[in-house]
Amino acid sequence: MDINNLSSNWKQLQSKLKASSSKSAGSPTPQSLHPANPAKRKRGDLEQRPVHSLPRKKARWDEDRKIQQKQKKAKQQQRGKMNGQVATKPLPNGDPVANGSTAADPPTAPRSANTLVNAGLSEDVEIGKYIALDCEMVGVGPTPTLTSALARVSLVNYHGEQLYDSYVLPLEPVTDWRTHVSGIAPQHMRHARTLKEVQSAVAKLLKGRVLVGHSVRNDLDALLLGHPKRDVRDTARFPPYRKMAGGGSPRLKVLASELLGVEIQEGEHSSVEDARATMMLFKRDRAGFEREHVKRWGVDRREAEIAAAKGTQGNDVQGEEDADGREEPKAKKKKKKKNKKK
């Protein structure tokens with residue numbers, strides 16, 4: 001073997017290897033083009049990236065936050081409508097005879113939207129002929145989701161002005177306060193009135209007047225009170241409203257939103273707010289309510305006599321409330337002179 005020839009071949013091989021290594025160092029490898037972990041990036045890179053290239057989740061959260069803020073502002077504006085005129089929407093059939101709305105008697109929001117919680121009887125407020133009632137319940141007994149007891153009572157007049165509001169001490173131990181819905185908490189019972197006291201006050205207010213409510217029979221049962229059926233106007237039983245609900249009992253929240261443009265029962269309920277919304281619905285479709293009442297009960301003889309007396313004696317009679325909901329003065333009865341026996 002020639003040693004000189006071997007050494008020259010070895011030198012040639014080494015030179016070829018050096019040349020190949022220098023070429024490979026100049027050209028990028030696949031690993032250098034695609035790093036092993038592309039998710040790992042410096043914090044500075046993220047700060048330099050434009051807003052539109054942020055992750056989709058963060059962009060979606062920002063959009064959701066903006067939508068929630070807009071909805072919150074809209075709800076505040078809708079609640080502000082309780083202090084002024086309310087824009088109403090027609091019923092699906094659009095028939096003014098069916099919904100009972102007239103241009104002469106448009107529905108308006110209550111004149112006073114102030115709520116005096118647990119204030120009892122408001123002596124400086126005119127009662128009038130029509131009264132709206134609403135109650136809040138709590139759960140009692142071993143099955144609180146099925147068994148309810150009265151915890152708050154509220155009544156308003158034709159204009160939505162608060163006539164009466166009181167917390168009521170339940171007769172049974174409360175096992176579910178339902179605070180997230182009823183708004184009632186244990187501390188409210190410190191100044192609550194007894195059921196007997198509330199019964200007496202409510203019965204005096206309802207006597208001889210027309211009761212307006214939503215599923216009002218449940219409220220009367222909770223109060224352990226009765227009221228003549230012909231003197232009840234129930235928005236949950238009004239046929240055009242039931243038609244909106246597909247034949248079932250409509251929800252007060254939906255009626256207020258669809259027909260009055262007012263949002264109620266957002267979170268904890270307020271019996272004063274619900275009573276006002278019920279009265280506003282009755283005022284909106286009062287003519288329709290009265291037509292349904294006549295279909296079922298006929299014309300009240302007393303009201304017919306009053307209507308006849310109106311034509312002859314003017315305002316010297318007690319009739320239905322006028323456009324402002326006030327009662328007219330009572331008619332003066334003429335006393336018959338008895339012939340004295342001589």
Side-chain angles (χ1 to χ4, degrees), residues 88 90-91 93-108 126-134 155-160 163 202-220 225-245 247 249-250 255 259 275 278-336:
T88 60
L91 291 172
N93 54 18
D95 184 4
V97 176
N99 60 32
S101 59
T102 59
D105 187 18
T108 57
E126 185 179 358
I127 299 175
K129 179 180 178 180
Y130 298 93
I131 294 180
L133 166 70
D134 191 80
L155 294 96
V156 300
N157 66 4
Y158 188 76
H159 305 294
L163 293 172
V202 173
K204 289 179 181 178
L205 288 171
L206 296 182
K207 186 177 180 181
R209 293 182 170 88
V210 176
L211 174 61
V212 180
H214 190 81
S215 298
V216 71
R217 180 53 54 188
N218 297 332
D219 296 331
L220 289 173
L225 291 175
H227 198 72
K229 291 183 178 180
R230 68 179 306 136
D231 292 335
V232 173
R233 308 292 187 270
D234 197 331
T235 55
R237 301 180 66 85
F238 187 46
Y241 294 172
R242 295 180 71 87
K243 187 176 180 181
M244 290 177 60
S249 179
L255 292 175
L259 302 180
T278 304
M279 183 61 81
M280 289 166 67
L281 287 168
F282 172 72
K283 288 175 66 177
R284 178 189 186 276
D285 297 310
R286 175 178 166 183
F289 276 96
E290 297 305 329
R291 279 192 296 272
E292 292 295 330
H293 178 267
V294 171
K295 287 180 184 178
R296 183 175 182 184
W297 300 102
V299 179
D300 189 352
R301 181 182 298 177
R302 179 177 61 87
E303 292 183 356
E305 292 176 354
I306 290 171
K310 266 188 175 183
T312 56
Q313 299 180 9
N315 293 329
D316 195 24
V317 293
Q318 181 185 13
E320 290 188 2
E321 296 181 6
D322 59 11
D324 293 331
R326 293 173 296 182
E327 289 181 326
E328 295 181 356
K330 295 183 179 180
K332 296 179 180 179
K333 296 182 179 179
K334 295 181 179 179
K335 296 182 179 180
K336 295 182 179 180

Practice prompt. With sequence neighbours excluded, tell me which residues meet salt bridge (charged side-chain N to carboxylate O under 4.0 Å, His left out) with Lys207.
Written response: none
Worksheet item: Parallel, tilted or perpendicular for Tyr130 and Tyr158, by the 30°/60° rule?
Response: tilted
Discussion item. For Asp134, give me all partners under side chain to side chain donor-acceptor pair (under 3.5 Å), at least two apart in sequence or on another chain.
Written reply: none
Practice prompt. Please report the closest heavy-atom contact between Leu133 and Ala275, naming both atoms and the distance.
Written response: C-CB, 4.4 Å
Discussion item. Show the nearest heavy-atom pair for residues Val232 and His227, with the distance to one decimal.
Written reply: CG2-CD2, 3.9 Å
Response to the item:
Correct closest heavy-atom pair for Leu259 and Arg284 would be O-NE, 3.6 Å
Worksheet item: Between His214 and Leu281, is a side-chain contact (heavy atoms from CB on, under 4.5 Å) present by the stated rule, with each step listed?
Response: CA-CA 10 Å; His214 190 81; Leu281 287 168; 5.7 Å; no
Discussion item. When you compare the side chain of Val216 with that of Thr278, does any pair of heavy atoms fall below 4.5 Å?
Written reply: no
Practice prompt. Any chance you could measure His293, atom NE2, to Lys229, atom NZ, to the nearest 0.5 Å?
Written response: 12.5 Å
Discussion item. Just verifying a value: how many Å separate Arg237 CZ and Arg296 CZ, rounded to the nearest 0.5 Å?
Written reply: 6.5 Å
Practice prompt. Salt-bridge test for Glu290 and Arg233: reply yes if a basic N is under 4.0 Å from a carboxylate O, no otherwise.
Written response: yes
Item to complete: Show the numbers, then the answer: is there a side-chain contact (heavy atoms from CB on, under 4.5 Å) between Met280 and Lys283?
Response: CA-CA 5 Å; Met280 289 166 67; Lys283 288 175 66 177; 5.6 Å; no
Worksheet item: Which residues pass the side-chain contact (heavy atoms from CB on, under 4.5 Å) test with Lys204, sequence neighbours left out?
Response: Ser200
Worksheet item: Relative to the ring of Phe238, is the ring of Phe289 parallel (under 30°), tilted (30 to 60°) or perpendicular (over 60°)?
Response: parallel
Worksheet entry | Donor-acceptor contact present, side-chain Asp234 to main-chain Ser215, <3.5 Å | yes
Practice prompt. Take Leu155 and Leu206 through the test side-chain contact (heavy atoms from CB on, under 4.5 Å) and record every step on the way to the result.
Written response: CA-CA 10 Å; Leu155 294 96; Leu206 296 182; 3.9 Å; yes
Item to complete: Measure the shortest side-chain to side-chain distance between Thr235 and Asp285 over non-hydrogen atoms and say whether it is less than 4.5 angstrom.
Response: no
Practice prompt. Go through the steps for Val294 and Val299 under the test side-chain contact (heavy atoms from CB on, under 4.5 Å), then give the verdict.
Written response: CA-CA 6 Å; Val294 171; Val299 179; 4.2 Å; yes
Worksheet item: How close do Pro250 and Arg242 get, heavy atom to heavy atom, and via which atoms?
Response: CD-CG, 4.1 Å
Worksheet entry | Val156 versus Leu163, closest heavy-atom pair with distance | C-CD1, 3.7 Å
Discussion item. Give me the atom names and distance for the closest heavy-atom approach of Ile131 to Arg209.
Written reply: CD1-CD, 3.6 Å
